[in-house]
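One structure below.
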Amino acid sequence: MDMKTFLQQVAHDLHSKLGADLSRTAVVFPNKRAGLFFNEALASESDHPLWSPAYLSISDLFHQLSPWQAGDSIRLVCELYKVFIQVTGSSEALDDFYFWGEMLINDFDDLDKNCVDADKLFSNLQDLKNMADDAGFLSPEQGEALRQFFLNFSLERRTELKERFLSLWDKLGDIYRIYRDNLQQLGIAYEGMLQRAALEGLNLQDLRYERYIFIGFNVLNKVETDLFKQLHEAGHAMFYWDYDISYVHPADKNQSLSFTHEAGEFIRSNLELFPNELPASCFHNLNGPAKQVRLISSPTENAQARFLPQWIQDIQQTNVPIGKESAVVLCNESLLLPVLHSIPSMVENVNVTMGFPLVQTPVYGLVNSLLELQTTGYNTRSGRYEATQVLSVLRHPYIRRTSPSARMLERRLVTENRFYPLPSELMTDEILQDLFIPQTESIGLCRYLVRQLSAMTRLYRTQEDATDEETGEEIFNQLYRESLFRAYTIVNRLLNLMENESLAKLRPDTLKRLLNRLLTTATIPFHGEPAIGMQVMGVLETRNLDFRHLLLLSVNEGQLPKTGGDSSFIPYNLRRAFGMTTPEHKNSVYAYYFYRLLQRAETVTLLYNTSTDGLNRGEMSRFALQFLVEYPNPIKRHYLEAGQTPRHVDPIQID
């Protein structure tokens, strides 16, 4: 099967319509990754040189159009805290406010991205109840959602919890307005404020480019929709939507039922607003030529990664080289390390699109150990450390390799049963003299961490990289060096904010929690040539890309889609009533990603974990189950045994 990818179809159509000079054209994608692949497809359309277009993500476009700069996430919370104290007169410490302050900014962000009238949303609840009876500014569905809220939230029957909600709710409007005014004076903004300002200040005469080509979008917030409308009506925009007829206009087997496929929910409305440049005949792929589809159950999560060599061998038996047309998609991104270790040596090139989690590197363990040592591990009254935290630090590989006496000190503490050693007992060499200086203040603790991380860099300045290609030590040495720099950057950024008084009053225990959150979400990017080699990627990175051979791991309920809704101060029914994001949005978005990824593939292998330990319920994803029902061709079922060879179960077809 020689099927053109979506980006190849777009490149061919765009070249045929606009010619070789695209210098005044901007091609806009949902993310940056597709730009490289599209540029390659566009170059193959002509034997002669082309004037390349500009490639932008939608975020880049809004940053170009907005008068503000994106604010640092930590500073944004600190600025919100100042407004919160000003409006409420609360004595709540920044330590207690910080983590729910992030939640409040997320609500403001969603509010602005969907152009919600904040005065109406944050009005007195009694006024809001009166609006529910005559909600002319809302659609019938939104009006019903607003009425449903007051059905469940009685203003007359007040409880302590309702009183606390009402007292905060009445202040949110003032907090929102003053916060935005303060940020505007500083010239910074959170993402939603930045996008809304870009739309409100849009002047079509000042656009950098004559034409904007929007490719591969799915769900659009209100700001994006309004921007697209203005550009479209002015003749400055073209749109390329990627979908499949099977889920955008599904054929209902029972005509008495109305059937709406969630994967096509947003594409249907987009096609009505903005016509697709490609004809509908390009989008009959899922139910076209039969695909080789396998569904494999695995007894554990890591066993899925061990199936990787078998999958690669199956592809190579068809005389197809493993390259950029093959992709391993991780619905559970924590499988990245087992997958990297499972890739056989026969695969020469691998491109990892997601970053490597900092939490899986030694520097994360070091920072955590040092934080525990200086907080819970040190008693300010007795002036002594606890042996448990001291031993954790001494046993860390970085400390062992930089301190000549770390091993000896560890043995002595264990042998002599020194449960509560004094700092002076631990300062047995130059490294340990600085390591075991007590830090009781946050700013001192932050400076201490910066010094320790800086000292660890000598490991990579003085040692030559390993060259054993089979063990991959050289790769991991480079990775760990980069992770050390990344951790140093995060801690140093916090130190700068503390020295500038934004976080001057932060308590050490809050600093520990904040650093832990920042480090657990940080990643280290892999450097390489994205258009070469087998692709290892997360679900979000697959947008706009097509592959002939697909292996999806952890296709489990809870991973695809992810479980757990985002915390919010705005109740669900109010979010629905005012057109804000709800959990149903996320489900529809992930359904689209799943089906879009499968639609042009030739071979598809789906693995899911059947174990029920922890939060995993051992169920295949609802999307995989739905695909089993809908796909008209047989799907082979297998299960993995304790090893890695799948045992075959009779092919099934569900009518």
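Everything numeric in this text was worked out from a predicted model, so none of it was measured. Numbers for residues simply follow the sequence, beginning at 1.
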Checklist entry - Going by an N to O cut-off under 4.0 Å, is there a salt bridge joining Glu102 and Arg517? => result yes

Item to check | Glu386-Asn379 side chain donor-acceptor pair, cut-off 3.5 Å | outcome: no

Item to check | Residue pair Leu199, Cys115: steps toward the side-chain contact (heavy atoms from CB on, under 4.5 Å) verdict | outcome: CA-CA 10 Å; Leu199 179 68; Cys115 298; 4.3 Å; yes

Checklist entry - Where the side chain of Lys512 meets the backbone of Gln374, is there a donor-acceptor pair that is under 3.5 Å apart? => result no

Checklist entry - Excluding sequence neighbours, so at least two apart, what forms salt bridge (Lys or Arg N to Asp or Glu O under 4.0 Å) with Glu425? => result Arg418

Checklist entry - Can you name the salt bridge (Lys or Arg N to Asp or Glu O under 4.0 Å) partners of Arg33, sequence neighbours left out? => result none

Item to check | Residues forming a side chain to side chain donor-acceptor pair (under 3.5 Å) with Ser392, sequence neighbours excluded | outcome: Ser369

Next on the checklist: Check the orientation of Phe108 and Tyr190. Use parallel for under 30°, tilted for 30 to 60°, and perpendicular for over 60°.
Outcome noted: tilted

Checklist entry - Is it true that atom CD of Glu584 has more than 12 heavy atoms of other residues, nucleotides or ligands lying nearer than 6.0 Å? => result yes

Checklist entry - With sequence neighbours left out, what residues match Asp60 under salt bridge (Lys or Arg N to Asp or Glu O under 4.0 Å)? => result none

Checklist entry - Run the side-chain contact (heavy atoms from CB on, under 4.5 Å) check on Phe29 and Leu56 step by step: do they pass? => result CA-CA 6 Å; Phe29 293 102; Leu56 304 172; over 6 Å; no

Item to check | Distance-only polar pair, side chains of Tyr176 and Asp181, donor-acceptor under 3.5 Å | outcome: no

Item to check | Pairwise side-chain contact, Ile188 with Arg75, heavy-atom cut-off 4.5 Å (strictly under) | outcome: yes

Item to check | Test ring-ring contact (aromatic ring centres under 6.0 Å, His included) applied to Phe62 - qualifying residues, sequence neighbours left out | outcome: none

Item to check | Contact list for residues 434-443, test salt bridge (charged side-chain N to carboxylate O under 4.0 Å, His left out), sequence neighbours left out | outcome: Asp434-Arg451

Checklist entry - Are any of the side-chain nitrogens in Lys82 or Glu79 under 4.0 Å away from the carboxylate oxygens of its partner? => result yes

Next on the checklist: Check this for me: Met103, atom CE, are more than 12 non-hydrogen atoms of other residues, nucleotides or ligands nearer than 6.0 Å?
Outcome noted: yes

Next on the checklist: Checking side-chain polar atoms at under 3.5 Å, does Asn609 have a donor or acceptor matched by the opposite partner on Ser611?
Outcome noted: yes

Checklist entry - For Val539, does its backbone N or O pair with a side-chain atom of Tyr590 as donor and acceptor, under 3.5 Å? => result no

Checklist entry - Are more than 12 heavy atoms from other residues, nucleotides or ligands located less than 6.0 Å from atom CD of Gln86? => result yes

Checklist entry - Can you tell which of Asp110, Asn106, Asn221 makes a side-chain hydrogen bond (donor to acceptor under 3.5 Å, both in side chains) with Thr581? => result Asp110

Checklist outcome for this item: Taken to the nearest 0.5 Å, the spacing of Thr440 OG1 from Leu445 CG works out to 9.5 Å

Next on the checklist: I'd like to check the salt bridge (Lys or Arg N to Asp or Glu O under 4.0 Å) partners of Asp429; sequence neighbours left out, ordered by chain and number.
Outcome noted: none

Checklist entry - Less than 6.0 Å separating the ring centroids of Trp169 and Phe569? => result no

Next on the checklist: Quick check against the 3.5 Å criterion: does Thr415 have a side-chain atom that pairs as donor or acceptor with the backbone of Arg412?
Outcome noted: no

Checklist entry - Is it true that a side-chain atom of Ser621 and a backbone atom of Leu560 form a donor plus acceptor pair closer than 3.5 Å? => result yes

Item to check | Stepwise side-chain contact (heavy atoms from CB on, under 4.5 Å) test for Leu435 and Val393 | outcome: CA-CA 9 Å; Leu435 200 65; Val393 171; 3.5 Å; yes

Checklist entry - Any donor-acceptor pair under 3.5 Å linking the side chain of Gln360 with the backbone of Pro357? => result no

Checklist outcome for this item: Residues at least two apart in sequence or cross-chain that pass ring-ring contact (aromatic ring centres under 6.0 Å, His included) with Tyr448, listed by chain then number, are none

Next on the checklist: Between Gln389 and Ala387 (side chain of the first, backbone of the second, donor and acceptor by atom type, cut-off under 3.5 Å), is there such a pair?
Outcome noted: no

Item to check | Under-4.0 Å salt bridge between Asp109 and Arg196 | outcome: no

Item to check | Arg493 atom CZ, over 12 foreign heavy atoms within 6.0 Å | outcome: yes

Checklist entry - Do the side chain of Ser66 and the main chain of His63 share a donor and acceptor less than 3.5 angstrom apart? => result no

Checklist entry - Going through the distances and angles, do Leu494 and Leu449 end up as a side-chain contact (heavy atoms from CB on, under 4.5 Å)? => result CA-CA 11 Å; Leu494 270 179; Leu449 290 173; over 6 Å; no

Next on the checklist: Using only atom types and a distance under 3.5 Å, with no angle test, would you say the side chain of Ser454 pairs donor to acceptor with the backbone of Val450?
Outcome noted: no

Checklist entry - Do any N or O atoms from the side chain of His396 and from the backbone of Val363 form a donor-acceptor pair under 3.5 angstrom? => result no

Item to check | Check against side chain to side chain donor-acceptor pair (under 3.5 Å), Arg507 and Ser442 | outcome: CA-CA 6 Å; Arg507 291 198 307 254; Ser442 295; over 6 Å; no

Next on the checklist: Would you compute the distance between atom CD of Glu482 and atom CG of Leu358 and round it to the nearest 0.5 angstrom?
Outcome noted: 10.5 Å

Checklist entry - Is there a donor-acceptor contact under 3.5 Å linking the side chains of Asn31 and Ser57? => result no

Item to check | With Thr520 via side-chain contact (heavy atoms from CB on, under 4.5 Å) - residues at least two apart | outcome: Val359, Tyr364, Asn516

Item to check | Inter-residue atom distance Gln559.CD - Leu552.CG, 0.5 Å rounding | outcome: 12.5 Å

Item to check | Side-chain ion pair, Arg400 and Glu410, N-O less than 4.0 Å | outcome: yes

Checklist entry - Nearest 0.5 Å, what's the CG-CD distance between Asn332 and Glu301? => result 5.0 Å

Checklist entry - What is the minimum heavy-atom distance between Tyr572 and Thr582, and which atoms define it? => result CE1-CB, 3.8 Å

Item to check | Donor + acceptor pair across side chains of Asn556, Ser554 (<3.5 Å) | outcome: no

Item to check | Pairwise ring-ring contact (aromatic ring centres under 6.0 Å, His included) hits with a residue in residues 399-434, at least two apart | outcome: none

Item to check | ring-ring contact (aromatic ring centres under 6.0 Å, His included) contacts in which one or both residues fall within residues 371-394, not counting sequence neighbours | outcome: Tyr378-Tyr385, Tyr385-Phe436

Next on the checklist: Nearest 0.5 Å, please: how far is CZ in Arg543 from OH in Tyr592?
Outcome noted: 10.5 Å

Next on the checklist: Just verifying a value: how many Å separate Cys446 SG and Leu515 CG, rounded to the nearest 0.5 Å?
Outcome noted: 6.0 Å

Checklist outcome for this item: In short, Val219 meets Val589 closest at the heavy-atom pair CG1-CG2, 3.5 Å

Checklist entry - In a check of ring pair (Phe, Tyr, Trp, His ring centres under 6.0 Å) between Tyr81 and each of Tyr98, Phe97, Trp100, which one passes? => result Phe97

Item to check | Pairing residues for Glu333 by the side-chain contact (heavy atoms from CB on, under 4.5 Å) criterion, not counting sequence neighbours | outcome: Met354, Glu541

